[in-house]
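The structure under discussion appears below in the form of structure tokens.
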Amino acid sequence: MNILRAWLIAVPCVASTASVGYDFYVFATSWQPEFCYNQAYVGCQEPNPFWSTSLTIHGMWPEWNNGSYPATCDAEAFDKSVTDKIGMDTMTKFWPNVQYDVADAKYTSFWEHEWTKHGTCSGLDQTSYFNLALGAAPTTPSIIASNVGGSISKSDLMSGYGGENFAVPQCCNGEFLNQILVCVAINAETGKPGVMFECPDVVVAEGSCGDSITISAFPGSSKSSKSSKIKIEVERN
């Protein structure tokens, strides 16, 4: 079941480095302990300690105010040398692809997808897109890190991001935190991300968490819960 942006309309467009053709960024961050739940992905077997208490980057997505978004705006191929220059240690820590071993040629397919579908619409070159996304990633609020293995209220989570609608949490089964969306302003001429702001209703509608949110821990962790939850697969966008 895909609970991520499935109802939105992806519209091909022509991106320009002179002026962007969209209204803001949706910045998506993933909670890896939940993404790894009941999965045999190699990256989930010995997870980076950073992922135990911090959300990681899923993507930085250009968006229009009406809820639709541009996609695959030109044919510029992903350039692996760009992420190599940024540093694999940096990319694998903050923007991981847990489905593959780092040495696997398929590991970079996640970044390739994000560039092809979203980055090509940003008006940014590849180096700028990945570097700026890394720099713009929201800091994980302490309320998440301090409640791993437990539960928090949705309102308290919102407060950790600055207030209501500053964060749009998405949960498996309406309870288990899987991803958080935030909205980021842009420089209309350069495409550079700016400050977070309250997400419009069309993005808020993508939230799928109830009033109580469980912050899962990695299996084997002292904070891990032996929950009998049914995993709902969430497709990476």
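The shown structure was predicted, so the numbers you read here are calculated from the model rather than taken from an experiment.
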side-chain contact (heavy atoms from CB on, under 4.5 Å) between Asn97 and Ser109, intermediate numbers included: CA-CA 8 Å; Asn97 182 359; Ser109 62; 3.8 Å; yes
Please give me the minimum heavy-atom distance between [X] and [Y], naming the atom from each residue.
X	Y	value
Asp79	Ser81	OD1-OG, 2.7 Å
Thr120	Cys73	OG1-N, 3.0 Å
Lys192	Leu124	N-CD2, 4.3 Å
Pro62	Pro70	O-CD, 3.6 Å
Ser208	Cys171	OG-N, 2.9 Å
Ser216	Val148	O-CG1, 3.9 Å

When you check the side-chain N and O atoms of [X] and [Y], is any donor under 3.5 Å from an acceptor?
X	Y	value
Ser128	Asp125	yes
Glu76	Trp115	no
Ser30	Thr56	no

Ignoring hydrogens and geometry, is there a side-chain-to-backbone donor-acceptor pair from [X] to [Y] under 3.5 Å?
X	Y	result
Asp23	Asn65	yes
Thr108	Trp111	no
Gln32	Phe218	no
Gln170	Glu206	yes

Indicate yes or no: at least one non-hydrogen side-chain atom of [X] is less than 4.5 angstrom from one of [Y].
X	Y	result
Phe130	Val82	yes
Leu157	Pro169	yes
Thr29	Val182	no
Pro96	Trp51	yes
Trp95	Glu114	yes
Val168	Ile180	no
Val98	Pro47	no
Trp31	Ile144	yes

- prompt: Just wondering, more than 12 heavy atoms not from Glu164 lying within 6.0 Å of its CD?
  reply: no
Just verifying a value: how many Å separate [X] [atom1] and [Y] [atom2], rounded to the nearest 0.5 Å?
X	Y	atom1	atom2	value
Tyr37	Cys172	OH	SG	10.0 Å
Thr90	Met88	OG1	CE	10.5 Å
Glu175	Thr214	CD	OG1	3.5 Å
Asn147	Thr53	CG	OG1	12.5 Å
Glu63	Tyr69	CD	OH	8.5 Å
Ile215	Leu177	CD1	CG	4.5 Å

Lys/Arg cation over aromatic Tyr100: Lys106, 6.0 Å, 45° cone: no
Run the ring-centre check on [X] versus [Y] and record whether the distance is less than 6.0 Å.
X	Y	answer
Tyr107	Phe110	no
Trp64	Phe24	no
Phe166	Phe197	no
His118	Tyr129	no

Say whether [X] and [Y] are linked into one hydrophobic cluster, either directly or through other cluster members, by side-chain heavy-atom distances under 4.5 angstrom.
X	Y	answer
Val102	Val42	no
Leu134	Met60	yes
Ile152	Met158	no

- prompt: Would Val203 and Cys183 count as a side-chain contact (heavy atoms from CB on, under 4.5 Å) if you check the C-alpha gap in whole Å, the side-chain angles of each, and the deciding distance to 0.1 Å?
  reply: CA-CA 8 Å; Val203 178; Cys183 297; 4.0 Å; yes
query: Any ion pair linking Lys93 and Asp89 (charged N to carboxylate O, less than 4.0 Å)?
result: no
